[in-house]
Amino acid sequence: MTSAPETPSHEDEDLLFRILSQLDKAPDASQRATAAAVGISLGRLNAQLRSATEAGLVKISERAGPDKRQRFAYALTTRGGAEKIRLTDQFLARKFAEYDALHAELTGTTSSLAPFKYRTKLMQNNLAPIPELYVSYESAQKLKIEAAELKSHDLSPRQICDLDLLMNGGFNPLKGFLGEQDYNSVVDTMRLADGALWPMPITLDVSDDFAASLEIGEDIALRDQEGVILGTMTVTDRWEPNKSHEAEMVFGADDDAHPAVNYLHNQAGKIYLGGPVTGIQQPVHYDFRGRRDTPNELRAYFRKLGWRRIVAFQTRNPLHRAHQELTFRAAREAQANLLIHPVVGMTKPGDVDHFTRVRCYEAVLDKYPAATTSMSLLNLAMRMAGPREAVWHGMIRKNHGCTHFIVGRDHAGPGKNSAGEDFYGPYDAQDLFREHQEEIGIEMVDFKHMVYVQERAQYEPNDEIEDRDNVTILNISGTELRRRLAEGLEIPEWFSFPEVVNELRKTKPPRSKQGFTVFFTGFSGSGKSTIANALMVKLMEMGGRPVTLLDGDIVRKNLSSELGFSKEHRDLNIRRIGYVASEITKNGGIAICAPIAPYATTRRAVREDVEQFGAFLEVHVATSIEECERRDRKGLYKLAREGKIKEFTGISDPYDVPVEPELRVETENVDVDNCAHQVLLKLENMGLIAG
């Protein structure tokens, strides 16, 4: 009968913890120096190193040099880095328990401190360093070489944001991407499996094929989109999630109108991987590098300035005068210094790009007192999850050293659902945050809806104006601001700073000077290409902007010649068209696209790509399938009916009819010139061309 393997004693694990920590700190030290630092004999160190090497925690390599006492170099493997993090937690947990027991022995009562799993919230003040997942610089250089031999996953932009905040401690207490047990617990209860509060599932979604190529326990390299290795992960979990359940629990509805739900179903990988992460290096950012701070860098900055109370302001929009007044009031109310902490990772599709926003922030930063205000950029991929997101944002700001956090009306709300109603109630986020703020360890400052009182020439909280019947209350909504920018109308100084308006106008000139995309969709033979050609000629006749036609057949020949007609290849072809159209739009040109584009989710993705830079006009050429068959000169429909052409739209493959296109044109008994003129009238109505 085989005996069960012995469980390592606390002493053994503490010794391993000290050895791994020392090797990470000084990998090039001699064995004698390492043994002295750890406090054991040279012989015992050698035995421990052999065991650690056999377990795959340490890699030993020979090193040339005159000093025979330094013949070897040591490096933690990716597994060794993860084990060091685990042992660190275990070591601290045991010391905490020992302290609690000693306190009880001496005083007759427990210490009344929270359990260890909450230590990062209560045992550490807001200025002390917090744990990171990075190994030392020396170990990182060696780990890079080892990681180059591992299977690699190329991270998406959202995953890069998540990994960044995992490694630098912004997502503390997480030690990596969630495993299945933690994921299920977070989705259902907003807590990790050990009971610690955590509202947002942080998962590594990958393709079915990549997941199938991995073994549990295998290490993988995590690379950015240029192939740079940022870290490694030991795969401890692999599962296929119930994404509809995740959508219902985390976002409140399984509704594709929610951008994160749309991402979940149509962009995220099918399989989730979980496991501890070992950090090698930070993601590289070439923009605003002086404004990007890790949690520990901000904490050190606050220590240096002597700040003890810091209120954070979360924003993904430019700052206007109402925001300035709001932040002034919040800082006074909390008797705290102010950290303007805008998100520069992923926000809601259609938001102002972060380059423009940061220029706007910098343009008005001198409106704040320099001695009490600072600004730092947060590389966060927002989920627009309303109440849960507010709690998540609070925990992230707590990790960055803040003591107070402003929670807004409809905080991180994504807008309207498919029924045209708000996803969340206006104060749901504040209610959920208030319920958990003691456990988070950060105090909420309620967002005040600020409006301008003309007679007093100042901003005041809307619900505190007692003489509202006798004064003129002014406000400009986000929708109205966008309309004024699009139409080149005046934006009054009482609403925003001239410096902010100037920056916005650089990025968002009047619509008549912007690039835009006209996207025709419809069955084969519906008349898309014919109308698109006529429209192109009319726009070129008008002049003013370059016009490019991206016809389906032309793109297939020149851009997607290697693709077939499976759903995957059709999606890829349309995404290529969307990418080219977005580049044309970004550079002030007009893109006219005329593919079949049968799938609504793909058309939506193209719209989101284009609308970052300009207007998107979807035109449904609503010719019936019967009329398309009657017009068919190539005999394609006949071949499809006979089964000789597979996956033919309208016959053996579905077509998602656009629900709310900007324009729907009928081509039966209507000449081409009239159809093209309808599009021109719509463009004129949208302000994209002059009348």
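Just so it is clear, the model here is predicted, and its values are computed rather than measured. Hydrogens, waters and symmetry mates are skipped; everything else that's a heavy atom, side chains included, is used.
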Do H153 and Q159 get their side chains close enough for a donor-acceptor pair, meaning under 3.5 Å?
yes

How far apart are the closest heavy atoms of P295 and G169, and which atoms are they?
CG-C, 4.0 Å

Please round to the nearest 0.5 Å and tell me the distance separating atom CZ of F355 and atom NZ of K506.
15.0 Å

If you look at every heavy atom in L133 and K175, which pair is closest and at what distance?
CD1-O, 3.5 Å

Is there a donor in the side chain of D293 and an acceptor in the side chain of H400, or the other way round, less than 3.5 Å apart?
no

At what distance, to the nearest 0.5 angstrom, does CD of E499 lie from SG of C360?
10.0 Å

Are a donor atom and an acceptor atom from the side chains of S139 and D24 found within less than 3.5 Å of each other?
yes

Just jot down the side chain to side chain contact (heavy atoms under 4.5 Å, CB included) partners of Y301, sequence neighbours excluded, or say none.
L305, S374

State, to 0.1 Å, how close G413 and M384 come at their nearest heavy-atom pair, and which atoms those are.
O-CE, 3.2 Å

Going by distance alone, is a donor N or O of one side chain under 3.5 Å from an acceptor N or O of the other, for E246 and Y183?
yes

Check the pair R383, D162 against salt bridge (charged side-chain N to carboxylate O under 4.0 Å, His left out), reporting the backbone distance first and the verdict last.
CA-CA 11 Å; R383 270 58 165 184; D162 287 350; 2.8 Å; yes

Would N379 and D164 count as having a side-chain donor-acceptor pair, cut-off 3.5 Å?
yes

With Y134, which residues qualify under ring pair (Phe, Tyr, Trp, His ring centres under 6.0 Å), at least two apart?
none

Expected list for residues 229-236: side-chain donor-acceptor pairs under 3.5 angstrom, two or more places apart:
from : atom 1 : to   : atom 2 : distance (Å)
T232 : OG1    : T78  : OG1    : 2.1
T234 : OG1    : D219 : OD1    : 2.7
T236 : OG1    : G274 : O      : 3.1

Would you say the side-chain atoms of T189 pair up with the backbone N or O of V186, donor to acceptor, closer than 3.5 Å?
no

Between D205 and G269, what is the shortest heavy-atom contact and its length?
OD2-N, 2.8 Å

For the CD atom on E362, are there more than 12 heavy atoms of other groups (residues, nucleotides or ligands in this structure) within a distance under 6.0 Å?
yes

Work out which heavy atom in S376 is nearest to a heavy atom in H341; give both atom names and the distance.
O-CD2, 3.1 Å

Step by step, would you call D287 with R292 a salt bridge (charged side-chain N to carboxylate O under 4.0 Å, His left out)?
CA-CA 9 Å; D287 59 318; R292 295 177 182 268; 3.0 Å; yes

Tell me if a side-chain donor or acceptor on D182 pairs with a main-chain N or O of A193 at a distance below 3.5 Å.
yes

How about E389 and Y424: does a side-chain donor come under 3.5 Å of a side-chain acceptor?
no

What closest approach, in Å, do H393 and F405 show between heavy atoms, and which atom pair accounts for it?
CB-CZ, 3.5 Å

Does any part of the side chain of H411, heavy atoms only, come nearer than 4.5 Å to the side chain of Q430, both counted from C-beta?
no

